[in-house]
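First comes the structure, then the notes that go with it.
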Amino acid sequence: MTRTGASRFTLINRDYTRLWFGQAVSSVGDAVFSTTLVLWVATVLAKDESWAPMAVSGVLMASSAAVLVIGPLAGVFVDRWDKVATLLRTEVVRGALVALLTVVSLLPTDALPKGVWLGVVYVTVLLLHAAGQFFSPARFAILADLVKGEADRARAAGIGQATGETAWIIGPPLAAPLLFAAGLQWALLFNALSYAVSYVAIRSIDLRPAPPKAAAAGRTDKQQASLRREFVAGVRFFARSRFLVALLLLAVIGQFGIGALSTLNVFFTTDNLHADAHLYGYIGMAMGVGGITGALCGGRVVQWLGARRSTWISLLVSGVLLVAYSRQTGFLGGVALLFVFTVPLTVLNTAMAPLLLAAAPSEFRGRVMAVFYPVTKLASMLAAVLSGWLAGSVLTDVAGSVAGVRFGPIDTIFAASGVIVVLAGVFAWLALPGTRPDEAPGDEAPGDEAPDDEPARTTATKAAAPVPPVRDRAEPPATD
């Protein structure tokens, strides 16, 4: 059969391809923007200042604050609003914010006090990520309408993760030349234009608003207007779903298990792998390539094993590989093992996405993600702080050998983290019963009965949120 040029470049379906294209361009722009701001603050604004590390950490804290403060409430509005319109409005807001910062960046650096410059940067980052808290759950909800079936949803999740990983391989190398050769304003303008491209791509999606659901139509005007009531209803729905709570626990335990890598891996590279600091970039590259590999094969793995089985198997394999990584003493072996470790970790993310889509009815998807993502983000932050504190205080003097196996503070933390991930896999094996390949879409996980004060989910509602045999990775944990 002869295939047209358009069909060759279609991912799953036409509308999903357009949504993906907007995400791809926007993700590269975000990677360039984030890297540029960190480089500019560290090497230009705070150059040779003792407070430079604190100034850089402020950029990261501003983004985290938006996730933790705005994220939980954003889901209520996303569930109320038209999803495509929400995506378009957030792209307009984010593009305008970056364009405004671009104009301000035309001023000479000494035109404003350094404290004012930092304030402008922090406020812009905070507002950008605040808008992202509306974008991400709206995009998550739209995926359920654009992509049907577990296998295709798994493919979509894998493609999304691979796109995000690729953006962070492409973006940072572009940022430095743009900043130092062309200037800060050109790097910022690149991101502003990426939001414009994303806007055009999303606007071309043909997705008609869903008719109001019977349960929603019966609510009074007072209930419609009650932000607090709808937020509480979303939290109660999440808390009463044993399946969603189990998924959240898995994600939180997994964050505590692997969060040490983000904080301590640079020290592990120099102390345990005996490599020069300038080789640390290859560690990140190995994880990026592993993430892309896992994302691309994740859909097929979920198709073979089912989403739930893929989840607990990926946790077990990742935990064992993290323990093995903690015992490495050579750079090449460490890089190779870190690449292999990242593959099942990415498959895990791919497998959890369809499970979340299936467990959340359409009227609650925004609020489900508004609970899930901030809690896992908080767990990641706590894991980073805890591992840094343990390595720098409690375990700083740990050293010795058992049966000829040497251990120190950092490799001990990594090994313990791997054991935690393995325990999470065991918990997943017990809490997430396996999904048969022939299981009908919409079958509920055992124990997910409807709350007494909530209407039972009808067959139509279940059809809107099927439990597919194959699942692709959920968007990451990175805000698009």
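All figures in this text were calculated on a predicted structure; none of them were measured in a lab.
Between Val78 and Phe140, every side-chain heavy-atom pair lies at or beyond the 4.5 Å cut-off. In this structure, Trp20 and Ile12 have side chains that are not in contact, with every pair of non-hydrogen atoms separated by 4.5 Å or more. Phe372 has its side chain out of reach of Leu244: every pair of non-hydrogen atoms, C-beta onward, lies at least 4.5 Å apart. The side-chain heavy atoms of Asn272 and Gln328, taken from C-beta on, include no pair separated by under 4.5 Å. Residues Phe427 and Leu315 have side chains not in contact (no heavy-atom distance under 4.5 Å, counting atoms from C-beta outward). Side-chain atoms of Val93 and Phe134, non-hydrogen and from C-beta on, never get closer than 4.5 Å to each other. No side-chain heavy atom of Pro344 sits less than 4.5 Å from a side-chain heavy atom of Leu348.
One side chain, Asn191 or Ser194, offers a donor N or O that lies under 3.5 Å from an acceptor on the other.
Side-chain N or O atoms of Ser318 include one that pairs as donor or acceptor with a backbone N or O of Ser314 at under 3.5 Å.
Distance CD1/Ile70 to CG/Leu126: 7.0 Å, rounded to 0.5 Å. Distance check, rounded to the nearest 0.5 Å: OG1 of Thr90 to CG of Leu97 gives 11.0 Å. How far OG1 of Thr329 is from CG of Leu273: 8.0 Å, rounded to the nearest 0.5 Å.
Counting non-hydrogen atoms of other residues, nucleotides and ligands closer than 6.0 Å to CZ of Phe21 gives a total of 12 or fewer.
Closest approach of Ala55 to Val41, counting heavy atoms only: CB-CG1, 3.8 Å. Taking all atoms of both residues into account, the shortest heavy-atom contact from Val347 to Cys297 is CG2-SG, 4.4 Å. The two residues Ser63 and Val125 come nearest to each other via the heavy atoms N-CG1, 3.9 Å.
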Audit row: Ser26, Glu91, side chain to side chain contact (heavy atoms under 4.5 Å, CB included) steps and yes/no | CA-CA 9 Å; Ser26 181; Glu91 293 303 68; 4.1 Å; yes
Begin from the C-alpha positions of Phe237 and Val368 and carry the test side chain to side chain contact (heavy atoms under 4.5 Å, CB included) through to its verdict.
-> CA-CA 8 Å; Phe237 171 82; Val368 164; 4.0 Å; yes
Assess whether side chain to side chain contact (heavy atoms under 4.5 Å, CB included) is satisfied between Leu143 and Leu19, documenting all intermediate values.
-> CA-CA 9 Å; Leu143 276 177; Leu19 183 67; 4.2 Å; yes
Test log, rule side chain to side chain contact (heavy atoms under 4.5 Å, CB included), inputs Phe135 and Thr86 = CA-CA 7 Å; Phe135 186 96; Thr86 301; over 6 Å; no
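In this structure, Phe414 and Tyr325 have parallel ring planes: the angle between them is below the 30° cut-off, well short of the 60° mark.
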